[in-house]
Every structure is written in structure tokens, then in C-alpha cells.
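Okay, so here's the structure we're looking at.
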There are 2 protein chains.
Amino acid sequence: MKLALPETERNRLKHALKSRNRRPTRQRTCVYEVILEKRDHPTADDIHLRVREKLPSISLATIYNCLDTLVECELVKQVHLDRAPTRFCPNRNPHAHFHCRVTGQVYDVSLDDERLSIIEKTLPDGFTADTIELSFIGQGPKSDTIS
Amino acid sequence: MKLALPETERNRLKHALKSRNRRPTRQRTCVYEVILEKRDHPTADDIHLRVREKLPSISLATIYNCLDTLVECELVKQVHLDRAPTRFCPNRNPHAHFHCRVTGQVYDVSLDDERLSIIEKTLPDGFTADTIELSFIGQGPKSDTIS
DNA sequence: GAAATAAATGGAATGATTCTAATTTCTGTG
DNA sequence: CACAGAAATTAGAATCATTCCATTTATTTC
């Protein structure tokens, strides 16, 4: 098998898995690989299609399993927009998402440390968040070209 | 039919609907009423159960229709957490949500104007958001009593 | 390399949401 | 008030994302 995954990412994956006593299987590696390759925000189904080009017999259930593991390992984030299938995102830096109503496109919007800490301080005492999801919905720049 | 909805809310609903050329039907009124009554974050299904106590023959499809209308009229917000059914929330003030991993409970977290405007300024030029969804996931205060 | 454990698999099951076609309810007009 | 037309509701079927389960396969450990 050719290793399409760069050394750094490969190691990140291996370590993240090991530290949680999870095995670095071919399927997990490939799912991670595919998500990194094209930095859009694919659904489990999209990912299934792409992974199948390399591992033709992989099942959708496995895609979900792998994704859950990657999320657990904090290598991938889930994005929940509207009443729509969950999307997955390999951007590990703090960021928000912008969802264009016109084109349906999803963009990453980077969040600087200061803003992030301001947002975190919103929480009253007693609440501890390990995950923050911030999404904007509206009109993106490209949507001009449509109408 | 008894009017359980306070005058203010009733008017708000009526006006919001009228301004969009939508009719204030019994079903819409009742759905709105039920959501305001108990300020948790019910799913469409929860709402269906509650509304049925007053309009026993209302269908789930209508609940979805009514909710969509209420969302359109900005009287109700949708909350998308995890891979779970959409929840609905009648809090019209700017606010975020906190989802407790332990109890499953969802809390409103109010967002002051300053924070809100800082968050809004995160967007690069060319992007215009009409909706912002901010959610925290973690451990809430009550979860102590569990373990 | 064999046993023990974790992961993958296919297919069935579940469950939220949407769709459709038929009926009912409103609204404005005469 | 009766009527035509538009908007909403309805039940049930259809869709589609996600999960579950029992079995098979891969990985790790000794």
C-alpha cells in the first residue's frame, strides 16, 4: 500500500490512537488520509465514496466507526449545520464555520486566541466546556455570481 | 378554545406572521404556546406530544411545518447539537447553548452585546451572517450529583 | 504462531425528517 | 353570507442518516 499520508500526520494519527489504546488500522488511516486530502467538509457518505476508491470493500458502518474514533482523538471535528447530515473537518486550529445559504458551501473561519478566550468566558461558573461549536449562516462572497 | 398565550406573545406571533403573509392558525398558535410554556429545548417529537394534549389530531408533519414557519418568523431558534434531533428554543435574546455530556441537559447562556459584536467581527469581508449558532459541550454544574 | 482482544463487515433496524396527494380552512370579493 | 382561490393541515408513505448486531477478520501480546 502506498502511504499517501505525510509523515507528520501519520505520526499524529499513530500517537493519538496509541494514547487511547486504539489500533492504527488500514481503514482509520485511510479515512484520515481522505479527509486531509481535500479540505472541504464532507459527510460520512462523501467520505465513504472517496475511501472506497482505495479500499473498495469498506463499509459505511466502518466509516462511522473510524470517524467517531478520529473525533475522540481530536483529529477531526464534527460540524452540525441545520437539519443536515453531520460534516467532518480536519482543521485542528480553533475556528468557526460559515455556511452559505446560496451555494451551500461551508468555509472555515479562523478564530484568534483573544476572541476564543472571550467566547470561553461567556460560560457561567460551574460550566466547563471541552468543545465549542460556532457557526454562521448567511451569504458568502461567491454567491454574487449566482443570482 | 382557551387562550393560554399572553397578550404580548400572541400579538408578536400575529404580527410576525402577518408581515410574512402567513396565517395565524390554531396549530401555529398552539405550537408556539407550548414552546413558550416550558422553557426547555424540546424536539419536534416532544412538541408533538405536548400539543396533542390540546389538539389531539395534529400531525407530526404539521408540527414540522409550524416550527419551520416560526423559525422563519424568528420567533423560535433551532439548536443543532451532535447527531441528534433538532431542538427548538423560544429565547429571542442573543444567547448560546450549553450541552451537558453527563445529564444531556441543554442550557441557555446569555450573550451580551459586546461579546456578540466581537463574535460577529470574526467574519472576513464579503461574508454576511443572519444567524449565529454558538454551542458549548461539556460538564454542567448539576452533573456533580450524578457520578 | 496461538490466544485474546479490538475492529471491520453487511445487512437489518431505527428514527428523524420530508414528501405527496387529498382534504380542510381561511381570506377577500361580490 | 356564498364562493373562488390560496394557504395549511393531514395521514401515510418515502427517504435517508445513523446505529445496532452477530459474524468474521485483523492486530497485539506472549
Side-chain angles (χ1 to χ4, degrees), chain A residues 1 10 13-34 41-52 54-73 75-76 78-88 104 106, chain B residues 1 13-34 41-52 54-73 75-76 78-88 104:
Chain A
M1 186 177 62
R10 170 165 298 278
L13 174 60
K14 217 165 128 187
H15 288 138
L17 287 169
K18 175 160 287 182
S19 76
R20 288 167 218 244
N21 285 312
R22 314 304 227 87
R23 296 170 182 171
T25 64
R26 221 167 333 134
Q27 288 84 343
R28 287 177 179 161
T29 309
C30 191
V31 166
Y32 190 40
E33 187 177 307
V34 157
H41 295 79
T43 64
D45 217 70
D46 296 334
I47 295 167
H48 189 204
L49 289 172
R50 295 181 199 169
V51 172
R52 273 218 268 198
K54 306 180 184 184
L55 301 176
S57 73
I58 195 170
S59 74
L60 183 53
T62 301
I63 300 288
Y64 274 102
N65 291 340
C66 291
L67 287 170
D68 287 346
T69 305
L70 293 174
V71 168
E72 216 184 293
C73 292
L75 297 171
V76 163
Q78 294 182 275
V79 190
H80 304 105
L81 293 169
D82 211 65
R83 293 185 216 148
T86 305
R87 291 155 174 273
F88 297 85
V106 178
Chain B
M1 185 178 62
L13 174 60
K14 218 164 127 187
H15 289 138
L17 287 169
K18 175 161 284 181
S19 77
R20 288 165 218 247
N21 284 311
R22 313 306 225 87
R23 296 171 183 170
T25 64
R26 222 169 332 137
Q27 289 85 344
R28 286 176 180 161
T29 309
C30 191
V31 166
Y32 190 39
E33 187 177 306
V34 157
H41 296 78
T43 63
D45 217 71
D46 296 334
I47 295 167
H48 189 205
L49 289 173
R50 295 181 200 169
V51 172
R52 273 218 269 196
K54 305 179 184 186
L55 302 176
S57 74
I58 195 171
S59 75
L60 183 55
T62 301
I63 300 288
Y64 274 103
N65 290 342
C66 291
L67 287 170
D68 287 347
T69 306
L70 293 174
V71 168
E72 216 184 294
C73 293
L75 296 171
V76 163
Q78 294 183 274
V79 190
H80 305 105
L81 293 169
D82 211 66
R83 293 184 215 150
T86 304
R87 292 154 173 273
F88 297 85

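Just so you know, these numbers come straight off a predicted model, no measurement behind them. A note on names: the letters A, B, ... follow the listed sequences, proteins ahead of strands, and every chain is numbered from 1. When reading the values below, keep in mind they use all heavy atoms of this one structure, side chains included, and skip hydrogens, waters and symmetry mates.
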Whole angstrom value for the distance that separates [atom2] of [N] from [atom1] of [X]:
X	N	atom1	atom2	value
B:R23	D:dG5	CZ	P	14 Å
A:H48	C:dG11	NE2	C1'	13 Å
A:N65	C:dA8	CG	P	6 Å
B:L81	D:dA17	CG	P	20 Å
B:L17	C:dC26	CG	C1'	14 Å
B:Y64	D:dA11	OH	P	16 Å
B:R20	D:dA6	CZ	P	23 Å
B:R26	C:dT24	CZ	P	13 Å

Please state whether the phosphate of [N], meaning OP1 or OP2, lies under 4.0 angstrom from any side-chain nitrogen or oxygen of [X].
X	N	result
B:R22	D:dA8	yes
A:T25	D:dT27	no
B:S57	D:dT9	no
B:Q27	C:dT25	no
A:R28	C:dA7	yes
A:R83	C:dA16	no

For the backbone of A:N65 and the side chain of A:T69, can you confirm whether one donor and one acceptor N or O come within less than 3.5 Å of each other?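 Judged by distance alone, yes, a pair lies under 3.5 Å.
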Please confirm whether the backbone N or O of B:H41 pairs with a side-chain atom of B:R87, one donor and one acceptor, at under 3.5 Å?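 Side chain of B:R87 to backbone of B:H41: a pair is present.
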Going by an N to O cut-off under 4.0 Å, is there a salt bridge joining A:R28 and A:D68?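 Looking at A:D68 together with A:R28, the answer is no, because their closest N to O distance does not fall below 4.0 Å.
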Evaluate the side-chain contact (heavy atoms from CB on, under 4.5 Å) criterion for residues A:Q78 and A:H80: first the C-alpha distance (whole Å), next the side-chain angles of each, then the deciding distance (0.1 Å), finally the verdict. CA-CA 7 Å; A:Q78 294 182 275; A:H80 304 105; 3.7 Å; yes
Let me know, please, whether B:P85 or B:P24 comes out on the 5' side of the other along DNA chain C by nearest nucleotide.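 Per heavy-atom nearest nucleotide, the more 5' residue is B:P85.
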Between C:dT9, D:dT18, D:dT9, which one does the side chain of A:I58 approach most closely?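 Of C:dT9, D:dT18, D:dT9, C:dT9 is nearest to the side chain of A:I58.
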Just call it for B:T86: base, sugar-phosphate, or nothing, with non-hydrogen atoms closer than 4.0 Å on any strand.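 Sugar-phosphate only.
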Inter-residue atom distance A:L67.CG - A:H48.NE2, 0.5 Å rounding: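 If we round to the nearest 0.5 Å, A:L67:CG and A:H48:NE2 are 11.0 Å apart.
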Using heavy atoms to find the nearest nucleotide of DNA chain D for B:S59 and A:D68 separately, return the residue whose nucleotide is more 5′.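 Per heavy-atom nearest nucleotide, the more 5' residue is B:S59.
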